[in-house]
**Q** 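Take this structure first; my questions come after.
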Amino acid sequence: MKNKLKSTTEYATKKAHHLWKDFKAFITRGNILDMAVGVIVGGAFNLIVTSFTKILMSICTWGVPGGINGLVTVLPAVNAAQSGENFAGQFFSVADVNSKVISYAAAQGKIVTVDDPSFLQWKDALLKNYTLHGTTYTFNGSNIIDWGTFINAIISFLIIALTLFVIVKVVKALGEKRKQFMLEVERKAKEEYFKLHPEEREKERLAKEKEEQEKNKKPEDIVLLTDIKEQLIKLNADKASLLKDLQDEENIV
């Protein structure tokens with residue numbers, strides 16, 4: 001029993017050690033580190049894009065009350081749960097808050113004024129059921145179309161896509177230039193080497209010719225199939241010629 005328990009423990013230890021070794025190799029690979037750096041930089045870049053988009057949309061929606069956050073459409077209520085509080089409705093503007101609070105309190109059987117000490121409590125009780133979009137309060141149970149968020153997402157996507165496109169093009173161009181530079185360096189180094197060792201130039205030329213011949217050389221099976229095809233064509237031609245001769249002899253007879 002002890003030996004079995006010891007064997008099981010050793011197996012579990014070896015298994016855990018193997019898993020830890022694989023995990024360590026996984027998290028220390030270059031691709032994983034590069035990806036982690038990319039995620040961090042991407043998060044920071046997303047903040048820049050979001051801020052820039054907000055500034056851009058604030059300028060574009062300068063004349064819209066509440067700016068981009070005010071670009072909402074409240075869908076009509078289809079049931080009582082979407083119709084809003086009594087005498088407040090589905091939505092109302094910031095300018096109508098005081099009158100809506102007074103009406104809301106009156107619907108509860110309380111008469112309050114703006115100067116009443118309990119006015120702020122009634123105001124909080126009403127506004128907790130509404131969300132401010134720009135300069136409009138909308139009932140939390142209502143369905144709305146948030147055009148501002150939609151437009152913001154589209155512009156953010158276009159900015160990120162354009163930025164990534166430019167980055168990829170620049171990196172690709174730099175890679176091509178680096179490749180051409182390395183080829184030029186290799187060519188010049190080879191020329192200098194051939195100046196010191198002229199005999200090597202001929203060796204390289206012969207090696208290239210041999211490589212080109214090997215590349216253009218057909219595989220043996222292709223050559224064999226080609227020969228078989230030619231033999232079959234020749235055999236069929238001989239048979240056709242023989243049949244023609246026999247027919248000619250029969251016609252003569």
Side-chain angles (χ1 to χ4, degrees), residues 13-61 68 148-237:
T13 303
K14 290 181 179 179
K15 193 71 174 177
H17 179 72
H18 181 69
L19 290 175
W20 167 250
K21 185 177 180 181
D22 290 344
F23 177 72
K24 185 178 179 181
F26 173 76
I27 63 176
T28 54
R29 285 197 307 184
N31 292 340
I32 299 300
L33 296 177
D34 293 342
M35 184 176 65
V37 173
V39 170
I40 295 172
V41 174
F45 179 73
N46 183 57
L47 295 176
I48 297 174
V49 172
T50 302
S51 301
F52 176 76
T53 305
K54 286 183 178 180
I55 295 173
L56 181 63
M57 292 306 300
S58 296
I59 296 174
C60 295
T61 58
I68 189 173
T149 301
F150 177 66
I151 296 173
N152 188 24
I154 292 177
I155 294 177
S156 297
F157 168 76
L158 292 176
I159 293 174
I160 293 174
L162 178 61
T163 303
L164 292 177
F165 174 76
V166 172
I167 291 174
V168 170
K169 292 290 286 185
V170 170
V171 171
K172 186 176 180 180
L174 292 176
E176 288 294 329
K177 288 184 177 181
R178 182 178 182 276
K179 183 179 179 180
Q180 294 297 329
F181 175 76
M182 295 303 296
L183 290 175
E184 184 65 18
V185 171
E186 183 180 355
R187 186 187 67 80
K188 290 182 178 180
K190 189 176 290 185
E191 286 296 327
E192 293 296 328
Y193 177 77
F194 286 153
K195 288 179 181 179
L196 298 175
H197 305 279
E199 70 279 0
E200 295 295 331
R201 187 189 297 273
E202 184 64 18
K203 289 181 179 180
E204 185 182 24
R205 186 185 67 80
L206 294 175
K208 286 184 178 180
E209 290 181 356
K210 184 177 180 181
E211 183 180 354
E212 190 68 22
Q213 291 175 358
E214 290 293 333
K215 186 185 297 185
N216 297 330
K217 184 178 178 181
K218 293 183 179 180
E220 294 183 0
D221 54 347
I222 300 297
V223 175
L224 178 61
L225 291 174
T226 303
D227 291 340
I228 294 174
K229 179 181 177 181
E230 292 177 354
Q231 292 294 332
L232 289 174
I233 293 174
K234 184 178 179 181
L235 182 61
N236 290 332

**Q** Find the distance between OG1 (T53) and CG (L158) and round it off to the nearest 0.5 Å.
**A**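 It is 9.5 Å, given to the nearest 0.5 Å.
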**Q** Quick check for you: to the nearest 0.5 Å, what is the distance between I155 atom CD1 and L56 atom CG?
**A** 5.5 Å
**Q** List the steps and the verdict of side-chain contact (heavy atoms from CB on, under 4.5 Å) for K195 and E192.
**A** CA-CA 5 Å; K195 288 179 181 179; E192 293 296 328; 3.8 Å; yes
**Q** More than 12 heavy atoms of other residues, nucleotides or ligands under 6.0 Å from CD of E191: is that the case?
**A** yes
**Q** Let me confirm one number: the OG1-CD1 distance from T149 to I154, rounded to the nearest 0.5 Å.
**A**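 Atom-to-atom, T149:OG1 and I154:CD1 are 11.5 Å apart.
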**Q** Taking atom CZ of R178 and atom CD of E176, what is their separation to the nearest 0.5 Å?
**A** 12.0 Å
**Q** Atom CD1 in I160, atom CD1 in I167: separation rounded to 0.5 Å?
**A** 10.5 Å
